[in-house]
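Here is the structure we will look at, set down as structure tokens.
Ligands are counted one by one from 1 in listed order, and the atoms in each one are counted from 1 as well. Computation of the quantities below employed the complete heavy-atom set of this structure, encompassing side-chain atoms and omitting hydrogens, waters and symmetry-equivalent molecules.
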Amino acid sequence: MGKIILTGDRPTGKLHLGHYVGSLKRRVELQESGEFDKIYIMIADAQALTDNFDNPDKIRDNIIEVALDYLSCGIDPAKSNIFIQSYVQELTEMTFYYNNLVTVARLQRNPTVKAEIQLRHFDSEDKGLPVGFFCYPISQAADITAFKATTVPVGEDQLPMIEQCREIVRSFNRTYKCDVLVEPEAVIPNNEICRRLPGTDGHAKMSKSLGNCIYLSDSEKEVKKKVNSMYTDPQHLTIDSPGHLEGNVVFTYLDAFCKDDYFAEFLPEYHTLQDLKDHYTRGGLGDGTVKKFLNNVMQAELAPIRERRAMWEKDIAGVYDILKAGSDTARGVAAQTLSEMKAAMRINYFDDAALIQAQARAYAKKDRR
Ligand code: TRP
């Protein structure tokens, strides 16, 4: 059996650098590796509704943003099948059967869901916890297994989802004595910084609500402004005083994005990031110089993404055509898996001529008695 990727994002906002280093960049590398027979990238609108059901227009408006972000990062529709979750209705049917295989206690133990419940105040008495939200890990297992995905490139916070999916696969195959479903593996960034890129203000995570994000769709000017306002080292009061790297976002971003080649291009006095760090910690290197360098690095990284985005923005109808074609393909694949599942579960009554014959025979015998 070949190797198959499935992954996706909720369309609740534009994608930012945290998404990029945490997952998008890796997807493009995997896409280009030629190692995978099929790649499915899903815009998880139905999952996004589990905590935005009262604001469907937010989802509606962000589908195109996420699609543009994908295409501009280098997801190639000729190699990767991009689709919309809600269009593939087989996924909800699978979820219904998987619901039987998961206990409430098991869902309550999922640490990501636990944290998200608190974040959304679903644990408060007046709000309460919507069943749809509570169960979304089960629906996520359907997303993955419908495509028999072997590989799921995601951010670190998604590991508990993949673990739960694996349990569902084992439980299904064991209960229905089959090998219809495939156990997936998560792929997370191998670099600690890329797993959790901090916000420009030094907060542990980039997040829209904290206003500390650099978006893939930000203009050159916006990126520059955000780099200039980045949190550095509050004790680094004069150029001559020694600077600290710990918690210094400018250096964290350089760790995530800088390649040695950029020194020759933008800051030839240094050869490696270590040279630059050594000078900074020794004293004598100002934040302004480092920020200017980081800005150049970020612009170099983002320029090709920005150019591709501008191109696709001129063809929005074409982007929707890509999504529609991808969704049709995805539906075909999910329908095939669902029919195998239903056969294994012995609920494929009309496809099973032997069932009808055997029962007809049994009843005929009963008449003769
Ligand atoms: N939960 C993922 C997120 O919030 C999105 C998602 C939905 C997903 N279904 C998926 C990711 C299946 C990987 C596989 O980003």
Sole candidate of K224, H16, K226 that passes side-chain contact (heavy atoms from CB on, under 4.5 Å) when paired with D218
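Single side-chain contact (heavy atoms from CB on, under 4.5 Å) partner of D218 among K224, H16, K226: K226.
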Under the criterion side chain to side chain donor-acceptor pair (under 3.5 Å), I'd like the reasoning laid out for H236 against D287: C-alpha separation, chi angles, the key distance, then a yes or no.
CA-CA 8 Å; H236 192 221; D287 283 348; 3.1 Å; yes
Does the ring center of F83 lie less than 6.0 Å from the ring center of Y87?
no
Just checking Y231 against H203, ring centres under 6.0 Å apart?
no
Could you pull out every donor-acceptor pair under 3.5 Å between side chains of residues 290-305 and any protein atom, sequence neighbours left out?
{"unit_1": "K291", "atom_1": "NZ", "unit_2": "N228", "atom_2": "O", "d": "2.7"}
{"unit_1": "K291", "atom_1": "NZ", "unit_2": "M230", "atom_2": "O", "d": "3.1"}
{"unit_1": "N295", "atom_1": "OD1", "unit_2": "Q299", "atom_2": "NE2", "d": "3.0"}
{"unit_1": "N296", "atom_1": "ND2", "unit_2": "K292", "atom_2": "O", "d": "3.4"}
{"unit_1": "Q299", "atom_1": "OE1", "unit_2": "R306", "atom_2": "NH1", "d": "3.3"}
{"unit_1": "Q299", "atom_1": "OE1", "unit_2": "R306", "atom_2": "NH2", "d": "3.2"}
{"unit_1": "Q299", "atom_1": "NE2", "unit_2": "E220", "atom_2": "O", "d": "3.0"}
{"unit_1": "E301", "atom_1": "OE2", "unit_2": "K259", "atom_2": "NZ", "d": "3.4"}
{"unit_1": "E301", "atom_1": "OE2", "unit_2": "Y262", "atom_2": "OH", "d": "2.7"}

Would you say CZ of R106 has more than 12 non-hydrogen atoms from neighbouring residues, nucleotides or ligands within 6.0 angstrom?
yes
Here the atoms of ligand 1 under 4.0 Å from any heavy atom belonging to V152 are 13 (C), 14 (C)
Taking 4.0 angstrom as the limit and counting only heavy atoms of A44, give me the atoms of ligand 1 inside it, by number and element.
7 (C)
Do me a favour and list the nearest non-hydrogen protein atom to [atom] with residue, atom name and distance?
atom                    : result
atom 15 (O) of ligand 1 : G8 O, 4.0 Å
atom 7 (C) of ligand 1  : Q47 NE2, 3.3 Å
atom 14 (C) of ligand 1 : L6 CD2, 3.6 Å
atom 2 (C) of ligand 1  : Q158 OE1, 3.4 Å
atom 4 (O) of ligand 1  : R10 NE, 3.2 Å
atom 9 (N) of ligand 1  : D143 OD2, 2.8 Å

Determine whether any heavy atom of M42 lies closer than 4.0 Å to an atom of ligand 1.
yes
Give me each pair satisfying salt bridge (Lys or Arg N to Asp or Glu O under 4.0 Å) with a member in residues 174-190, each pair once, sequence neighbours excluded.
R166-E183, R170-E183
Test your reading of the structure: does Y136 have an N or O sitting under 3.5 Å from an N or O of ligand 1?
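Such a contact does not occur with ligand 1.
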Considering E116, Q140, M161 one by one, which has a heavy atom nearer to atom 10 (C) of ligand 1 than any of the others?
Q140
If you look at every heavy atom in T145 and V169, which pair is closest and at what distance?
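Answer, listing the atom of T145 first, then V169: CG2-CG2, 3.5 Å.
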